[in-house]
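Structure first, commentary second.
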Amino acid sequence: MADKKLLLIDGNSVAFRAFYALYRQLDRFQNPEGLHTNAIYAFKNMLDVILKQEKPSHALVAFDAGKTTFRTRMFKEYKGGRAKTPSELLEQLPYIKELLADLGIKSYELPDYEADDIIGTYSKKGQEAGFQVAIFSGDKDLTQLATDKATVYVTKSGVTDLEAYTPEHMKEVNGVTPTEFIDMKALMGDNSDNYPGVTKVGPKTASNLIRKYGSVEGVYEHLDDMKKSKLKENLINDKDKAFLAKKLATINCESPVEPEIADLKIEATNVEKLRSFYEQMNFRRFLAELDDSGLASASGEVEEKKVEYEVATEKTQLPEEAEISFYLGMFGENYHTADFTGFSLKIGEKVYVSSDVNLLLTKPYKELLEGSCHKNVFDLKKTLVGLHRLGIKAQHLDYDMLLASYLVNNENNSNDLGEIAHLYDYYQIKSDVDIYGKGKKAAIPDEEIFFNHLANKVVAIEALKAELLKRLKEHEQDDLYETIELPVAHVLAKMEITGLKTEARILTEQGAEIGTKLIKLESDIYDLAGEKFNINSPKQLGQILFEKMQLPVIKKTKTGYSTSVDVLEQLKSQAPIVEKILQYRQLAKLQSTYIKGLLDVIQPDGRVHTRYQQTLTATGRLSSVDPNLQNIPVRLDEGKKIRKAFVPTDNDGYIFSCDYSQVELRVLAHVSGDENMQEAFKTGYDIHAHTAMKIFHLDSPDEVTPNMRRHAKAVNFGIVYGISDYGLSKNLGISRKQAKEFIDNYFEQYPKIKDYMDKEINFARENGYVETIMHRRRYLPDIHAKNFNVRSFAERTAINSPIQGGAADIIKIAMINMQKKLDELNLKTKMLIQVHDELIFDVPADELETIKKIVPEVMQNAVQLDVPLIADANWGHDWYEAK
DNA sequence: TCAGTCACG
DNA sequence: ACGTACGTGACTGAC
């Protein structure tokens with residue numbers, strides 16, 4: 001701790017920020033007496049960050065004393081027109097002060113002065129007394145106090161993301177010094193404080209004027225030098241306003257504050273009072289920190305709780321129990337290749353830990369893992385794959401904490417055991433990031449910490465099991481968990497382990513060809529542009545197209561010109577370079593993502609082993625990483641050729657693919673109960689043509705033109721996504737009015753679809769979540785958002801999630817049944833890939849006929865809906881031919 | 001680490 | 001009036 005470091009906090013503005021940072025959690029943060037606690041909680045979090053960063057010797061949190069101050073007397077509208085502070089925040093302020101007192105930090109307010117003035121005054125006093133000063137606020141007004149001895153930190157987003165204002169940084173941001181900033185504000189006025197400056201003067205003009213003349217006074221002294229202009233006129237007219245604004249904007253650094261600097265010394269934390277405060281607020285996380293660190297630390301720096309464990313050896317006598325918990329440690333994300341770090345095992349009350357995974361190959365351990373006792377794990381699929389690498393065929397992995405928590409609530413898609421435990425108020429384990437660090441700096445800590453962390457994992461798995469199972473039951477998700485997610489994890493493990501045979505030679509050949517074309521395109525583009533530049537840089541490309549070549553700007557992004565496909569498509573006819581760029585983009589994508597990318601991940605066995613993320617998506621779909629096998633090109637033939645590299649294991653074998661036809665629309669037809677749509681599927685109509693007939697009021701399918709069908713197809717898609725006329729019009733390039741007509745017709749023809757949409761949105765409003773046919777949940781807290789866009793998004797999600805998620809449920813069931821069938825029939829055929837509505841298999845030649853029969857059958861019968869499910873099969877000697 | 005772009009269902 | 005389709009992952013350049 002530095003001897004003389006003074007921390008000054010703008011209590012009101014930070015509390016305000018804290019309140020809104022956790023505004024979405026407002027309902028969740030309530031103590032048993034009904035007091036809201038979100039701002040108190042976030043304030044404490046912020047305080048921890050600041051204390052850790054600054055390590056101050058002295059501190060003061062300043063609050064506003066009341067509405068009337070010397071400024072309101074100068075200008076009665078000062079801060080007028082502000083929305084009233086919400087009562088949910090007001091009620092928390094006294095408790096924030098209480099918290100500060102318990103932590104030994106002084107709070108202070110002074111009638112007739114604002115918090116800003118108190119801070120300015122102590123900042124000045126502190127610097128005079130030789131202190132380094134750090135000021136924290138949610139408000140940029142305080143940046144005028146920045147000096148070489150005082151840094152002003154302003155919250156950027158949330159409460160812990162801070163921007164540091166030093167005099168240098170002020171200069172960069174505003175072009176003026178901190179004191180000049182007052183003058184700048186005087187010219188600009190301040191909307192949020194409700195005082196005007198000079199008409200038509202904004203940040204740019206104000207900054208320029210002050211830089212030139214140094215101050216408001218300087219500006220007015222030099223008025224005569226200025227040319228006649230609107231600006232000059234405004235300056236003359238608003239002179240009084242400018243000088244008033246300067247007075248209002250200036251922080252009073254000579255306020256009559258009472259406490260001496262020495263009185264601001266941080267005192268010892270009153271642990272007992274703090275503990276009862278946390279108990280009253282129901283802050284279990286902070287309580288856990290207190291329990292472990294006691295007096296020493298109230299700053300959030302805690303060790304993990306110590307667990308009694310034994311270091312396992314070959315001689316360890318393992319007790320026998322019907323149920324155990326097991327954790328297999330690896331360093332790195334990709335468990336197909338990551339190094340093993342160790343394991344932990346909990347049998348009864350005994351915990352065993354080791355960093356030697358080879359121990360698991362010795363008899364007692366191997367028998368235990370392959371035997372009939374029930375094992376609780378965290379991430380079943382990872383554990384299965386890891387043990388498989390060691391040559392262990394684990395049996396009875398019957399409980400997966402990760403899967404259970406994902407089903408219960410997937411708002412947080414972390415796959416970190418510690419973080420998940422924290423969601424259930426279990427704080428004796430830290431997150432892996434806290435233990436290992438992240439990015440390049442990640443490393444395994446000292447053995448003592450590492451073993452204790454491993455030990456804590458099995459303890460946590462067991463400790464939270466009952467709670468998670470209880471919640472699954474409450475959500476009616478036990479079936480989803482037991483009969484879908486757990487079994488499908490086994491199937492996925494098999495698929496990942498099998499991997500997909502990939503011909504590096506084919507990729508290399510294609511890469512060479514593409515490389516040649518890219519070089520040619522590159523030089524053509526440079527010629528047409530008249531200079532060399534990086535075509536892959538949207539920024540540089542934008543400058544060439546829209547500045548140098550003066551093409552019309554169609555769309556802008558946050559950072560500059562948009563150069564995306566739809567923009568370039570519109571510019572194609574105006575300059576030959578555009579077409580070349582489009583071709584270049586397409587090929588560059590193939591080269592970098594698919595040729596190079598895939599070559600990098602072919603394992604020594606000549607196969608790629610993806611990982612399916614089973615606990616990631618908001619809807620229940622899988623995702624595929626390292627490599628992503630769910631987005632291999634198919635729409636354009638140039639890209640589709642990549643698929644030639646994916647081949648069956650046997651030279652004369654087949655890649656066999658089978659995909660559901662319109663599965664999401666069928667799910668919609670089922671859940672909505674719309675008779676017209678159900679009828680279309682039952683009679684086997686082409687659904688898009690059927691929709692075309694409906695929305696264009698035709699009598700026979702013969703009247704449907706290809707263009708009508710295309711429009712109808714887009715409407716069908718739109719419906720699934722939670723349609724809007726604007727979105728549809730943009731997609732189809734038609735007028736908004738016409739799009740609206742399509743939609744109105746659609747709802748008229750399929751009336752229960754509209755009912756379904758309203759029903760889901762209402763359900764979400766009432767329950768805060770929506771669910772699929774199998775009770776897979778998605779929480780939608782934004783459904784109550786005040787912001788139109790945010791709320792609308794939640795409403796579309798409420799419509800889409802049960803459909804997309806329902807389709808995900810169905811194919812998972814099909815996968816389980818399919819694997820069972822393959823096993824029953826003792827087939828060598830392997831399931832390889834799932835692409836949301838499609839399954840892909842590696843089929844030996846002599847099994848093709850069987851597979852042709854059973855795969856569509858199993859997929860079509862996965863569930864019984866009110867409409868039939870249809871699955872279409874394709875096959876060939878590589879993945880390219882299989883479609 | 002983020003934003004832009006583009007590959008898939 | 002608001003500014004939009006739903007769900008993903010990988011690569012690149014720029015900070």
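Residue numbers begin at 1 in each chain, while the letters A, B, ... track the order of the sequences. Below, all heavy atoms of this structure are taken into account, side chains as well, without hydrogens, waters or symmetry copies.
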Q: Starting from P on B:dC8, measure out to CZ on A:F646 and report it in whole angstrom.
A: 13 Å

Q. If each of A:N413 and A:K539 is mapped to the nucleotide of DNA chain C with the nearest heavy atom, which maps nearer the 5' terminus, i.e. the 5' end?
A. A:N413

Q: Kindly state whether the ring of A:Y746 and the ring of A:Y750 have centres lying under 6.0 angstrom apart.
A: yes

Q: Among C:dG3, B:dC8, C:dC6, find the nucleotide with the atom closest to the side chain of A:R796.
A: C:dC6

Q) Which nucleotide in the set C:dC6, C:dC11, C:dC2 lies at the smallest distance from any side-chain heavy atom of A:Y721? A) C:dC6

Q: Name the orientation class of the two ring planes belonging to A:W875 and A:F656 (parallel below 30°, tilted from 30 to 60°, perpendicular beyond 60°).
A: parallel

Q. For C:dA1, what is the paired nucleotide under Watson-Crick or G-U wobble rules, both distances under 3.5 Å?
A. none

Q.
With rounding to the closest Å, how many angstrom separate the P atoms on B:dA7 and C:dG3?
A. 29 Å

Q. Rounding to a whole Å, what distance do you find between A:L599:CG and C:dA10:C1'?
A. 15 Å

Q: Whole angstrom is fine here: how far is it from CD in A:Q804 over to C1' in C:dG7?
A: 4 Å

Q) Touch check for A:N731, heavy atoms < 4.0 angstrom, all strands: base, sugar-phosphate only, or nothing? A) base

Q: Name the closest nucleotide to the A:K730 side chain, picking from C:dA5, C:dC6, B:dG9.
A: C:dA5

(Q) Taking the P atom in each of C:dC2 and B:dC6, what is the distance between them to the nearest angstrom? (A) 28 Å

Q. Taking any strand in view, what nucleotide pairs with C:dC15 in a Watson-Crick or G-U wobble way, both distances under 3.5 Å?
A. none

Q: Mark yes or no for whether A:N800, through its side chain, and A:R796, through its backbone, hold a donor-acceptor pair below 3.5 Å.
A: no

Q: May I have the distance from A:I535 (atom CD1) to B:dC6 (atom P), rounded to whole angstrom?
A: 14 Å

Q) Considering only C:dA5, C:dT4, C:dC11, which nucleotide approaches the side chain of A:S724 most closely? A) C:dT4

Q: Figure out the CZ/C1' separation between A:R611 and C:dA10, and round it to whole Å.
A: 13 Å

Q: May I have the distance from A:Q586 (atom CD) to C:dC11 (atom C1'), rounded to whole angstrom?
A: 16 Å

(Q) Looking only at the side chain of A:T563 (C-beta and beyond, no hydrogens), which of the listed nucleotides C:dA14, C:dA10, B:dT5 gets closest? (A) B:dT5

(Q) From the set C:dG9, C:dG13, C:dG3, return the single nucleotide nearest to any side-chain atom of A:S623. (A) C:dG9

Q. For the pair made of CD1 in A:I581 and C1' in B:dT5, what is the distance, rounded to whole Å?
A. 14 Å

(Q) By nearest atom, which of the nucleotides C:dG7, C:dC6, B:dT5 is closest to the A:T619 side chain? (A) C:dG7

Q) Going by ring centres under 5.5 Å and near-parallel planes (under 30°), is A:F793 stacked on C:dT4? A) no

(Q) Output the rounded distance in Å from CD1 (A:I799) to P (C:dG7). (A) 12 Å

(Q) So, does A:R736 get its side chain near the phosphate of C:dG3, meaning an N or O under 4.0 Å from OP1 or OP2? (A) no

**Q.** Closest listed nucleotide, where the reference is the side chain of A:T617 and the choices are C:dC2, B:dC8, C:dT8
**A.** C:dT8

Q. For the side chain of A:K558, counting heavy atoms from C-beta on, which of B:dA3, C:dA10, B:dG9 is nearest?
A. B:dA3

Q.
The side chain of A:R585 is closest to which nucleotide in this list: C:dC2, B:dC6, C:dG13?
A. B:dC6

Q. C:dG7 base to A:R778 side chain: any donor-acceptor pair below 3.5 Å?
A. no

